[in-house]
Amino acid sequence: MVKKVHGGDIYTERELPAGVELVDFSANLNPLGMPQAVKDALCQEIDTYQSYPDPQCRKLRQAIGRYYGIPDSWIVCGNGAADVIWRLVLSRKPRRALLPAPTFSEYAEALECAGCELCYYDLPQKSGFVPDEGFLDAVRPGIDICFFCNPNNPTGVAVESGWIRRLMERCQAAGVLLVLDECFIDFLEEEWRYTALPFLRDFPGTIILKAFTKMYAMAGIRLGYALCADEQRILQIGQTGQAWSVSTPAACCGIAALSQRDFVEKTKRFIAKERSFLQKGLRSFGLQVYEGKANYLFFKAPVPNLPQQLERLGILIRPCGNYRGLDDYYCRVAVKGREDNVRLLNGVRKILKGKADDEKEGNELGWQKQL
């Protein structure tokens with residue numbers, strides 16, 4: 001079986017020290033967990049699961065439309081954002097695509113499966129992988145589709161909406177379908193400064209990807225969606241792929257999740273605080289930590305096998321050597337709760353300094369005091 005390299009592999013058997021439990025920093029999920037309202041909806045609606053799901057996801061699309069103030073005819077839902085990516089690529093069958101590098105690998109996998117030629121633009125390392133004018137210049141006639149992730153995965157770099165609008169204008173002028181992946185944008189404290197949602201009506205050649213996976217810790221439920229003002233394009237995506245791609249439990253959970261606005265705001269504050277704490281801790285070891293704004297941090301380690309060494313301590317992080325333009329020194333870690341973050345810092349310290357510190361000693365060394 002071909003192994004897809006993503007985070008979240010908690011299922012492989014590992015030999016860990018006695019009494020050590022595995023903690024997963026490789027998947028960027030909300031450390032606050034699934035909202036109670038979503039858990040309740042999953043149980044309360046159980047009698048409806050005996051019937052086939054609504055293939056048009058009508059109630060779910062109506063709830064999403066109310067949430068964003070857009071027509072439900074602009075929305076198509078799928079079995080996670082990855083499912084929507086594959087379906088839109090197969091519905092479009094592009095010949096040539098523009099991708100930044102590094103970025104989420106699922107775009108390239110779907111495009112290559114459709115026989116598409118990939119054109120990469122390598123984001124400049126010296127400026128922290130921040131997109132520049134060169135990427136805008138790379139948008140030209142002959143490119144059929146462009147994927148852009150904001151905040152980017154794995155770097156966490158977020159680009160403000162003014163630059164994004166310029167990208168939308170370039171794509172529209174060149175006849176390029178633009179796919180903006182905003183699956184992590186919910187975690188940004190000033191989300192309104194970065195999202196392209198206000199421009200959607202003026203740019204029907206733009207598709208915005210969203211997911212319930214990360215913010216609501218619903219990775220195992222699988223639920224994502226796309227937004228686009230071109231209703232015909234939405235219809236084409238919906239007609240491509242398997243029927244009943246969204247299960248009834250997933251739809252129920254999505255509707256419940258959209259009511260949890262206070263939970264989202266609480267999460268934003270929590271992530272901002274813990275990201276700062278974790279960033280300072282990693283930098284105190286001399287690591288090059290990039291200025292990400294999402295619920296994860298991207299850094300360059302002084303050794304190439306840090307993920308493998310941490311795994312022996314029961315700590316999973318995401319090695320990034322399989323991303324285009326990166327090597328085995330680059331890593332990504334999710335922002336989690338304080339106890340887990342301290343454990344990660346102590347694990348990194350043990351490996352890089354050759355000293356083992358327990359949780360208590362780690363706190364006394366100043367992790368908590370760094371805020």
Side-chain angles (χ1 to χ4, degrees), residues 64-65 67-71 73-76 81 84-85 88-89 92 94 96-104 107 111 119-124 127-153 155-211 214-215 224-234 237 264 268 290-294:
I64 295 171
Y67 188 85
Y68 292 114
I70 62 174
S73 55
W74 291 13
I75 304 163
V76 62
V84 179
I85 291 168
L88 76 86
V89 167
R92 177 77 173 184
R96 182 177 296 174
L98 174 64
L99 299 173
T103 198
F104 185 45
Y107 314 142
L111 290 163
C119 302
Y120 285 99
Y121 181 83
D122 294 324
L123 300 174
S127 60
F129 299 97
V130 176
D132 57 8
E133 291 295 314
F135 186 81
L136 295 176
D137 293 339
V139 177
R140 55 176 63 97
I143 299 292
D144 297 307
I145 190 170
C146 172
F147 279 86
F148 190 85
C149 190
N150 192 36
N152 194 19
N153 180 8
T155 66
V157 172
V159 182
E160 293 194 7
S161 59
W163 192 93
I164 294 294
R165 186 180 176 96
R166 293 177 62 200
L167 175 60
M168 296 168 79
E169 290 170 346
R170 292 288 185 99
C171 288
Q172 183 165 275
V176 178
L177 175 62
L178 175 61
V179 184
L180 293 173
D181 186 340
E182 293 192 355
C183 285
F184 288 103
I185 211 164
D186 299 348
F187 291 96
L188 275 57
E189 285 189 287
E190 296 180 305
E191 181 181 346
W192 57 270
R193 289 179 54 189
Y194 302 92
T195 182
L197 276 168
F199 313 138
L200 203 56
R201 187 178 298 274
D202 296 330
F203 295 90
T206 295
I207 294 174
I208 297 179
L209 294 175
K210 295 276 194 175
K214 312 302 193 288
M215 172 57 70
Y225 54 101
L227 312 175
C228 181
D230 185 338
E231 297 181 9
Q232 185 60 35
R233 199 179 304 279
I234 286 292
I237 297 171
V264 172
K268 291 176 187 283
Y290 291 85
E291 289 294 338
K293 295 183 179 296

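Numbers here simply count residues along the sequence, with the first being 1. Heavy atoms only: backbone and side chains are in, while hydrogens, waters and symmetry mates are out.
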TODO: Taking all heavy atoms of D186 and all of A211, pick out the closest pair and write down the distance.
DONE: OD2-O, 4.5 Å
Task: Qualifying residues under side-chain hydrogen bond (donor to acceptor under 3.5 Å, both in side chains), relative to Q232, sequence neighbours excluded - done: none
- [ ] Enter the distance from L177:CG to R92:CZ here, rounded to the nearest 0.5 Å.
- [x] 5.0 Å
Task: Salt-bridge criterion met for E133 and R166 (N-O under 4.0 Å) - done: yes
Task: Rounded distance (nearest 0.5 Å) linking atom CZ of F104 with atom CD1 of I85 - done: 5.5 Å
Open item on the list: Check this for me: R201, atom CZ, are more than 12 non-hydrogen atoms of other residues, nucleotides or ligands nearer than 6.0 Å?
Closed with: no
Open item on the list: Using 30° and 60° as the class boundaries, would you call the ring planes of F135 and F148 parallel, tilted or perpendicular?
Closed with: tilted
Task: For the student: nearest non-hydrogen atoms of A226 and V84, plus distance - done: CB-CG1, 3.6 Å
TODO: Quick one: closest heavy-atom pair of D202 and Q172, and the distance?
DONE: O-OE1, 3.4 Å
Open item on the list: Please find the pair of heavy atoms, one from A138 and one from Y121, that lie closest to each other, and give the distance.
Closed with: CB-CD1, 4.4 Å
Open item on the list: Distance check, rounded to the nearest 0.5 Å: C171 atom SG versus F203 atom CZ?
Closed with: 10.0 Å
Task: Rounded distance (nearest 0.5 Å) linking atom CG of L111 with atom CZ of R96 - done: 13.0 Å
Open item on the list: Can you give me the closest heavy-atom contact between I143 and V176, atom names plus distance?
Closed with: O-CG2, 3.1 Å
- [ ] Measure the OH-CG distance between Y194 and L188 for me, rounded to the nearest 0.5 Å.
- [x] 6.0 Å
- [ ] Could you grab the distance from atom CG of L197 to atom CD of E191, nearest 0.5 Å is fine?
- [x] 7.5 Å
